[in-house]
Amino acid sequence: MDNHDRGLAYDLKTLLNRRRALFLLGGASLTALAACSSAETTTAAATTTVKACTDKIPEETAGPYPGDGSNGPNILTTSGIVRSDIRSSFGSASAVAQGIPLTIKLNLQKDCAAYAGAAIYLWHCDIDGKYSMYSQGVTTENYLRGVQEADTSGAVTFQSIFPAAYTGRWPHIHFEVYPDLAQATSAGTKSVTSQLALPEDVCKTVYATSGYETSVRNLSQTSLARDMVFRDGTEHQLATVTGDVSGYTATLTVAV
């Protein structure tokens, strides 16, 4: 008998069976798609994790003006050193460092994870290439030096000014990473000592402004390739800098 002549009851039963089959097939397809999507998400997450893991930053010299007690004065054990804004001197000193505003954001890592609770001591020269506590005319000042404790994401932020270029060195910023705040403020055991380099194009723009005149000549007489610290490469030390002469932000991931 032709299937078309079996009546309404047969037609309804057939229709329901077909819909059930389509429903089951559709469900199976959705399950497969979900599994693929989940696998892709897992793979993407793994890839992101690997990319986020940064190689350790090179160990570098602290230079002749550390202020950590290793070469003369020690500012780390002085009350007031833990601060975010390092533009002014503190304690009995009162001078304020002048220059183009620079926010310094460092993201600390250890074993490919945020180095939460670590501390960092950061210092650099002023607009004239002088270091507080050491250079002639600013030996009684302590500006452009400070300590910060990393937050839960390993981040620290300093408010400062753009450093000058002085004879023989590429523009840079010094820092020491400590396991915790107690070690930093007692000039204890360091995790690493290193330096941050500033990009050439930004340096040239900054040094074209008033107050940085001597930096123009000094910058032209050196390069990252010839610098005593950075000539072996700056892959992990060259900061990303954004902004303009009204204020810049330098960002760097520091793995120890």
Side-chain angles (χ1 to χ4, degrees), residues 57 59-110 114-164 166 171-196 239 247-252 254 256:
I57 196 163
E59 182 83 23
E60 305 289 7
T61 176
Y65 316 115
D68 61 2
S70 63
N71 184 30
N74 185 352
I75 196 66
L76 291 178
T77 56
T78 302
S79 176
I81 189 61
V82 180
R83 59 201 188 127
S84 177
D85 192 334
I86 62 175
R87 290 173 290 186
S88 62
S89 291
F90 60 96
S92 60
S94 59
V96 177
Q98 302 300 309
I100 297 295
L102 178 66
T103 299
I104 304 163
K105 294 185 175 182
L106 303 180
N107 298 302
L108 307 183
Q109 285 186 357
K110 185 177 183 181
Y115 199 2
I120 185 164
Y121 166 46
L122 180 144
W123 73 98
H124 62 81
C125 73
D126 64 16
I127 195 171
D128 298 314
K130 295 181 177 182
Y131 284 86
S132 66
M133 305 172 65
Y134 290 89
S135 301
Q136 185 176 3
V138 293
T139 55
T140 60
E141 303 297 340
N142 51 36
Y143 55 55
L144 305 182
R145 298 178 184 275
V147 172
Q148 278 284 288
E149 182 179 23
D151 63 17
T152 55
S153 64
V156 295
T157 300
F158 292 92
Q159 301 297 328
S160 192
I161 58 100
F162 206 96
Y166 55 85
H172 61 283
I173 294 171
H174 295 267
F175 59 87
E176 296 171 345
V177 179
Y178 291 81
D180 52 47
L181 194 59
Q183 288 287 339
T185 54
S186 62
T189 303
K190 306 178 190 71
S191 296
V192 70
T193 301
S194 197
Q195 298 182 28
L196 172 158
Y248 287 96
T249 298
T251 306
L252 184 70
V254 178
V256 304

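If you read the sequence from its start, that first residue is 1, and numbering goes on from there.
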Exercise for review: Could you please spell out the steps behind the side-chain contact (heavy atoms from CB on, under 4.5 Å) verdict for Ile57 and Val177?
Suggested key: CA-CA 11 Å; Ile57 196 163; Val177 179; over 6 Å; no

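- Put simply, OG on Ser89 and CZ on Arg145 are 10.0 Å apart, with the number rounded to the nearest 0.5 Å.
- Taking the side chain to side chain donor-acceptor pair (under 3.5 Å) definition, one finds that Glu176 meets it with Tyr178, sequence neighbours left out.
- Between Gln195 and Thr61, the closest side-chain pair of non-hydrogen atoms falls below 4.5 Å.
- Among pairs with a residue in residues 132-142, none fulfils salt bridge (Lys or Arg N to Asp or Glu O under 4.0 Å), at least two apart in sequence or across chains.
- What you find for Ile127 and Ile161 is that their closest heavy atoms are N-CD1, 4.1 Å.
- In this structure Thr78 satisfies the side-chain contact (heavy atoms from CB on, under 4.5 Å) test together with Ile75, Phe90, sequence neighbours excluded.
- For Glu149, the side-chain contact (heavy atoms from CB on, under 4.5 Å) test picks out Leu181, with sequence neighbours left out.
- Within the model, atoms OH of Tyr143 and CG of Asp85 stand 14.5 Å from one another, a figure rounded to the nearest 0.5 Å.
- Checking Leu144, Leu196, Leu106 one by one against Ile173, the side-chain contact (heavy atoms from CB on, under 4.5 Å) holds for a single residue, Leu196.
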Quick one: side chains of residues 153-160, donor-acceptor pairs under 3.5 Å with protein atoms, not counting sequence neighbours, listed by atom name and distance.
residue, atom, partner, partner atom, Å
Ser153, OG, Asp151, OD1, 2.7
Gln159, OE1, Thr103, OG1, 3.0
Ser160, OG, His124, NE2, 2.6

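- Every pair passing side chain to side chain donor-acceptor pair (under 3.5 Å) that includes a residue from residues 183-194 is listed here, sequence neighbours excluded: Tyr115-Ser191, Ser194-Gln237.
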Using atom types as modelled, flag every donor-acceptor pair under 3.5 Å from a side chain in residues 63-70 to any protein atom, sequence neighbours excluded.
residue, atom, partner, partner atom, Å
Asp68, OD1, Ser70, N, 2.9
Asp68, OD1, Ser70, OG, 2.5

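- Between the CG atom of Leu252 and the CD1 atom of Ile104 there is a distance of 10.5 Å, given to the nearest 0.5 Å.
- Evaluation of the salt bridge (Lys or Arg N to Asp or Glu O under 4.0 Å) test over residues 117-140, restricted to residues two or more places apart or in two chains, returns none.
- Qualifying side-chain contact (heavy atoms from CB on, under 4.5 Å) partners for Ser88, counting only residues two or more places apart in sequence or in other chains: Arg83, Val96.
- Judged as a side-chain contact (heavy atoms from CB on, under 4.5 Å), and not counting sequence neighbours, Pro101 has no contacts.
- Under the rule for a side chain to side chain donor-acceptor pair (under 3.5 Å), Asn142 has no partner lying at least two apart in sequence or in another chain.
- Residues passing the ring-ring contact (aromatic ring centres under 6.0 Å, His included) test with Tyr121 are Trp123, sequence neighbours excluded.
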